[in-house]
Amino acid sequence: MQYRIDPKSGNRISALGLGCMRLPGFALGKPDARAADAIISEAVAQGVNYLDTAYLYPGNEEAVGASLERLGLRDRVFVATKLPHASCKRYEDFDRIFDEQLRRLRTDHIDYYLMHNITSPVQWERVCSLGIEGWIAKQKAAGRIRRIGFSFHGSSVDFPVLLEAYDWDFCQIQYNYANETYQAGTTGLKAAAARGMAVFVMEPLLGGRLTDKLPGAAKRLLSQTADSQLTTPAAWGLSWVWNHPEVTMLLSGMTSAEQVAGNAAVASAALPGSMTAEQLATIARVVELFERANRVPCTGCSYCMPCPHGVNIPGCFAAYNVSYAHSWFTGMQQYFTASAIRTGQPRLASNCVGCGACTRHCPQHIDIPARLRDVQRRLQPGPIGLALKVMTRSR
Ligand code: SF4
Ligand code: SF4
């Protein structure tokens, strides 16, 4: 395993971290304990020493805490979790939630604690007005929080303002070869590193959109230029992130022990500055192909769900993108499956009434109702739309 140094603490952190949000079973809010044990034990065996979870991931802190206790691995890893700051209405809420997190994670301290998804300086100012700065100082002095940071999905304009707003130890940003100028972007990465902060990366493969869901032409290009190290689209995407010396660690939401072993092997060789000019040129061509096919930047995180009108929002967007990346027919097939059209409770894009309840939860800032209208135009055109109406009315 390759290790990189957190510049403020001197901690030696594995370049590959385990993002626990997508542990098997996560969609049902009940991560599978045996699968969690297998993934976490393999990760630690491979040298991974950083695990990331959050209060808001259903059942996740409990699952991670129970696994670490069963496996006896708590002292071998840095545990990171996040405060749902928007749910904190007064100072006492910080203590209440944090105590619950310690209980769930079966630990007496959190190594890396984050404000979860601060997207604008106004949000940080609001928690400051509740006394968060004094609360953090108290927890740090007591050794219950070791390092403090924030995760970010806001704009490139707001990111430097947040960096300045507090003496952070670290930050966590979305970063990958398709997002160089999106959210914090490369400029934000360099700005955080220049302040001496550790920078942790999330979404290095955009929730699978830079692996299995890449357009066919992009996959072919990567496989034609593969070498012994860059054997898969995932290896290309992860290596591109690790190529940046400012990146301390990247989080991968690995869902099997095999995936852990594969990514760990890539991590060992993907040193800063190790990609050649030819390999970087290949990535630039892949980005062009990706941008041409990828019409909605949905990562499938499901933060926007559930829709009160039953729309399968990430399913609609995934099918829509597939209809451009592969073929219209493939997208249609996927749309019918994702929309549960045969169940009598269809979750079509046309079910959307434009209430907007979903939009504020989307870390990618997608105008969900507007883009669902695009989905409807492409995947429920004229006669198909009419047929679907009749089918769903007759049930
Ligand atoms: S805007 Fe549409 S998709 Fe979003 S919550 Fe409302 S009905 Fe559902
Ligand atoms: S629309 Fe936004 S919140 Fe919903 S799944 Fe996609 S990226 Fe996540």
Cut-off 3.5 Å, side chains only: do [X] and [Y] have a donor facing an acceptor?
{"X": "E125", "Y": "S129", "answer": "no"}
{"X": "D158", "Y": "S120", "answer": "no"}
{"X": "Q2", "Y": "S268", "answer": "no"}
{"X": "Y175", "Y": "Q183", "answer": "no"}
{"X": "R378", "Y": "S323", "answer": "yes"}
{"X": "Y335", "Y": "Q380", "answer": "yes"}
{"X": "Y113", "Y": "Q101", "answer": "yes"}

How close do V266 and S239 get, heavy atom to heavy atom, and via which atoms?
CG1-OG, 3.5 Å

Shortest non-hydrogen pair, E42 vs A261, comes out as OE2-CB, 3.7 Å

4.5 Å side-chain heavy-atom contact, [X] and [Y]:
{"X": "M254", "Y": "L18", "result": "yes"}
{"X": "E246", "Y": "V199", "result": "no"}
{"X": "I13", "Y": "Y3", "result": "no"}
{"X": "L102", "Y": "R144", "result": "yes"}
{"X": "Y324", "Y": "N294", "result": "no"}
{"X": "V77", "Y": "V44", "result": "yes"}
{"X": "C304", "Y": "T359", "result": "no"}
{"X": "C358", "Y": "C307", "result": "no"}

Ion pair present between [X] and [Y], side-chain N to carboxylate O less than 4.0 angstrom?
{"X": "D212", "Y": "K219", "result": "no"}
{"X": "D169", "Y": "R195", "result": "no"}
{"X": "D111", "Y": "R74", "result": "yes"}
{"X": "D37", "Y": "R34", "result": "no"}

Out of curiosity, does [Y] fall in the hydrophobic cluster containing [X] (side-chain heavy atoms, cut-off under 4.5 Å, transitive links)?
{"X": "I173", "Y": "W240", "result": "yes"}
{"X": "L238", "Y": "L271", "result": "no"}
{"X": "L230", "Y": "Y177", "result": "yes"}
{"X": "V127", "Y": "W168", "result": "yes"}

Rounded to the nearest 0.5 Å, what separates atom [atom1] in [X] from atom [atom2] in [Y]?
{"X": "I110", "Y": "L83", "atom1": "CD1", "atom2": "CG", "answer": "11.0 Å"}
{"X": "D32", "Y": "T255", "atom1": "CG", "atom2": "OG1", "answer": "12.0 Å"}
{"X": "L73", "Y": "S67", "atom1": "CG", "atom2": "OG", "answer": "9.0 Å"}
{"X": "N117", "Y": "L56", "atom1": "CG", "atom2": "CG", "answer": "9.5 Å"}
{"X": "D167", "Y": "E133", "atom1": "CG", "atom2": "CD", "answer": "10.5 Å"}
{"X": "L68", "Y": "L51", "atom1": "CG", "atom2": "CG", "answer": "6.0 Å"}

When you look at V201 and Q172, which way does the side-chain contact (heavy atoms from CB on, under 4.5 Å) test go after all the steps?
CA-CA 6 Å; V201 165; Q172 186 166 305; over 6 Å; no

Test side-chain hydrogen bond (donor to acceptor under 3.5 Å, both in side chains) on T225 and Q279 and set out the steps.
CA-CA 8 Å; T225 42; Q279 289 168 340; over 6 Å; no

Establish, yes or no, whether a centroid distance under 6.0 Å links the rings of F94 and F98.
no

Output field: ring centroids F150/Y166 closer than 6.0 Å
no

Answer yes or no: are there more than 12 heavy-atom neighbours, outside R360 itself, under 6.0 Å from its atom CZ?
no

Does CZ in R70 sit with more than 12 non-hydrogen atoms of other residues, nucleotides or ligands closer than 6.0 Å?
yes

Apply the test side-chain contact (heavy atoms from CB on, under 4.5 Å) to residues H85 and Q123: give CA-CA distance (whole Å), side-chain angles for both, the deciding distance (0.1 Å), then the verdict.
CA-CA 8 Å; H85 57 87; Q123 293 174 331; 4.0 Å; yes

Look at the side chain of [X] and the backbone N and O of [Y], then say whether any donor-acceptor pair between them is shorter than 3.5 Å.
{"X": "T211", "Y": "G208", "answer": "yes"}
{"X": "H244", "Y": "V241", "answer": "yes"}
{"X": "N179", "Y": "N176", "answer": "no"}
{"X": "N321", "Y": "V296", "answer": "yes"}
{"X": "Q174", "Y": "M202", "answer": "no"}
{"X": "N49", "Y": "R12", "answer": "yes"}
{"X": "D6", "Y": "N11", "answer": "no"}
{"X": "R126", "Y": "P121", "answer": "no"}
{"X": "K8", "Y": "F170", "answer": "no"}
{"X": "W242", "Y": "A15", "answer": "yes"}

Test of understanding: with salt bridge (Lys or Arg N to Asp or Glu O under 4.0 Å), list the residues that count as partners of E62, not counting sequence neighbours.
R104

Over-ring placement of R147 relative to Y112, 6.0 Å and 45° cut-offs:
no

